[in-house]
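Data first, discussion second: the structure below is written as C-alpha cells.
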Amino acid sequence: MSAIAETAQRDRARRRMRIDGWRWGGRIFLVFMLLYTALPMVWMLITSIKSGFAAMQFPPQWWPDQPTLASYQKLLDPQNSVGQDFLRFFWNSLFVSTATTILSVIVAVPAAYAFSRFTFPGRNFLFFAVLLRNMFPAVIFLVPLFILMRAVGLVNTHGSLILTYLTFGLPLAIWLLKGFFDNIPVQLEQAARIDGATRFQAFVQIVMPLSAPGIIATAIYSFIGAWNEYIYAYTFLSKNEQLTLPVGIQRFFSENTTDFPGLMAASFMMSVPVVVLFLVLQRYFVRALTEGAVKH
C-alpha cells in the first residue's frame, strides 16, 4: 500500500509540475506580448519629447538629455498653422467616428434583434449575406464607392466617410449583437408581455439593459474602425479643412525633411482617445466577451 501511495503521490507531483510549467509559460508569453505592444508606444512618447536634432541621432538616444514639450505645445496652439490644422483634423476624426458609432448602434441593434427573435423567409440567407462584404478586402470597394459618392455629390464631405464606414462596421456589429441577443432568455420578454408590456417596451426595459455590454463592445469596435481608417479618407477627401487625423498626420512629412518629434507627438495624441475609451469601458468590454462566449 505504501508503494502504491508513493507512486500516486509522485504522479500528482509530476502533474502539478506540468501544470505549473504551462502556467509559467503562459505568464512569460503574456509579458512578451505586453512588451511587444507597449514598447512602440513608449518609443513614440520618448521621441515626441526630443528635439529635431536628437530624434535624428544615430545610434539613437534612448532618453533625451533635454526633454521638451515643444511638439505638443505646437500641436495644441491654435495660434499657429500647425496647431490649427491638427485641432481641425482631430475634431473631424472625432465627429466622423462618433457619428459612425451612433448610427452603427442605432441600425445594428434592431437588425440583430430581428435576426435573433423573428423567423421570416430568407432569414438565414440574408443573415449570412450581411457578412459577405467582409470576405473581400476593403480596397476592392474603393473605386465603386468613390464613383457612387461622386454621383450623389458626397465627395469631399464627411457624409461619404460615415456611409462608407457604416457599410464596413454594420456586418460585424449585427453579427456580434445577434449572438448576444441569442443568449438572453426569451422567457424574460414573455414574462414582461404577460405583465402587460408591449414588445417594444419589453425590448427597451428588459433586453437593452441586459445587452448593454454587447452594445458597448460593438460601439468600441465601430469607433476604432472609423478612427483609424486611412484609405477611404485619403481618397474621398482632398480639402484641407475636411481631412481626418490619419490623413492629416502625413503633413509632417515633406520632400526634404520630416518632423519626427511632431509626427510622434501627433501619433501619440491620436492614440489617446482610443486608450481612454478602453480604460473607461473596459469592464463592459470584458463582460461582453465572457457573456457572449457562453450559450445559455
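Residue numbers count from 1 along this sequence. Computed from a prediction, not measured in an experiment: that's the story for all the values here. Side chains are part of it too, since the values below use all heavy atoms of this structure and drop only hydrogens, waters and symmetry mates.
The two residues L163 and M149 come nearest to each other via the heavy atoms CB-CE, 4.0 Å. The nearest pair of heavy atoms linking A70 to T68 is N-OG1, 3.1 Å. Heavy-atom minimum distance, T157 versus S160: O-OG, 2.7 Å. Taking every heavy atom of both residues into account, A111 and I174 meet most closely at CB-CD1, 3.9 Å. The nearest pair of heavy atoms linking I162 to A99 is CD1-CB, 3.6 Å. Contact record, A108 with A173: CB-CB, 3.7 Å, taken as the closest heavy-atom pair.
A search for ring-ring contact (aromatic ring centres under 6.0 Å, His included) contacts involving F141 returns nothing, not counting sequence neighbours. Every residue two or more places apart in sequence or in another chain that forms a side chain to side chain donor-acceptor pair (under 3.5 Å) with S104 is listed here: S222. By the side chain to side chain donor-acceptor pair (under 3.5 Å) test, S116 is found to be paired with D182, residues two or more places apart in sequence or in another chain being considered. With sequence neighbours left out, F268 forms a ring-ring contact (aromatic ring centres under 6.0 Å, His included) with no residue at all. Partners of R117 under the side chain to side chain donor-acceptor pair (under 3.5 Å) rule, at least two apart in sequence or in another chain, are E189. Remark: Y165 pairs with E229 by the side chain to side chain donor-acceptor pair (under 3.5 Å) rule, at least two apart or across chains.
Contact of the L237 side chain with the L161 side chain is registered, since non-hydrogen atoms from C-beta on lie closer than 4.5 Å. In this structure the side chain of D77 never reaches within 4.5 angstrom of the side chain of Y72, judged on heavy atoms. Taking 4.5 Å as the limit, some side-chain heavy atom of S271 sits within range of a side-chain heavy atom of M41. In this structure the side chain of M270 reaches within 4.5 angstrom of the side chain of W227, judged on heavy atoms. N156 has its side chain out of reach of F236: every pair of non-hydrogen atoms, C-beta onward, lies at least 4.5 Å apart. Inter-residue side-chain proximity for P273 and V276 is flagged as unmet; no heavy-atom pair is nearer than 4.5 Å. At least one side-chain heavy atom of Y232 sits less than 4.5 Å from a side-chain heavy atom of F168.
In this structure a side-chain-to-backbone donor-acceptor pair under 3.5 Å is missing from S48 to A265.
Both F115 and F200 belong to a single network of hydrophobic side chains, linked directly or stepwise wherever heavy atoms of I, L, V, M, F, W or Y lie under 4.5 Å apart. Cluster annotation: L35 and W63 are assigned to distinct hydrophobic clusters (Ile/Leu/Val/Met/Phe/Trp/Tyr, side-chain heavy-atom contacts under 4.5 Å, transitive). In the hydrophobic clustering of this structure, I140 groups with L148; members are Ile, Leu, Val, Met, Phe, Trp, Tyr whose side-chain heavy atoms approach within less than 4.5 Å, directly or through other members. Criterion: ILVMFWY side-chain heavy atoms under 4.5 Å apart, direct or through other members. Under it, V272 and L45 are part of a common hydrophobic cluster. Linking ILVMFWY side-chain heavy atoms closer than 4.5 Å, directly or via other members, places V42 and L30 in two distinct hydrophobic clusters.
Atom CG of L176 is separated from atom CD1 of I215 by 12.0 Å, given to the nearest 0.5 angstrom. Here the straight-line distance linking atom OG1 of T101 with atom CD1 of I220 works out to 10.0 Å at 0.5 Å rounding.
Grouped by direct or indirect side-chain proximity (heavy atoms under 4.5 Å, Ile/Leu/Val/Met/Phe/Trp/Tyr only), M33 sits with F29, F32. Through direct or indirect side-chain contacts shorter than 4.5 Å among Ile, Leu, Val, Met, Phe, Trp and Tyr, Y36 is connected to no other residue. As a member of the Ile/Leu/Val/Met/Phe/Trp/Tyr network built from side-chain separations under 4.5 Å, I106 groups with I102.
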Solution key, residues 203-213 side-chain donor-acceptor pairs under 3.5 Å, sequence neighbours excluded:
{"from": "S211", "atom 1": "OG", "to": "V207", "atom 2": "O", "distance (Å)": "2.8"}
{"from": "S211", "atom 1": "OG", "to": "M208", "atom 2": "O", "distance (Å)": "3.2"}

Under 3.5 Å donor-acceptor pairs involving side-chain atoms of residues 86-95, not counting sequence neighbours:
{"from": "R88", "atom 1": "NH1", "to": "D85", "atom 2": "OD1", "distance (Å)": "2.9"}
{"from": "N92", "atom 1": "ND2", "to": "R88", "atom 2": "O", "distance (Å)": "3.2"}
{"from": "N92", "atom 1": "ND2", "to": "E241", "atom 2": "O", "distance (Å)": "3.0"}
{"from": "N92", "atom 1": "ND2", "to": "L243", "atom 2": "O", "distance (Å)": "2.8"}
{"from": "S93", "atom 1": "OG", "to": "F89", "atom 2": "O", "distance (Å)": "3.4"}
{"from": "S93", "atom 1": "OG", "to": "L245", "atom 2": "N", "distance (Å)": "2.7"}

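Pairs engaging residues 214-223 under the salt bridge (charged side-chain N to carboxylate O under 4.0 Å, His left out) rule: none recorded [sequence neighbours left out].
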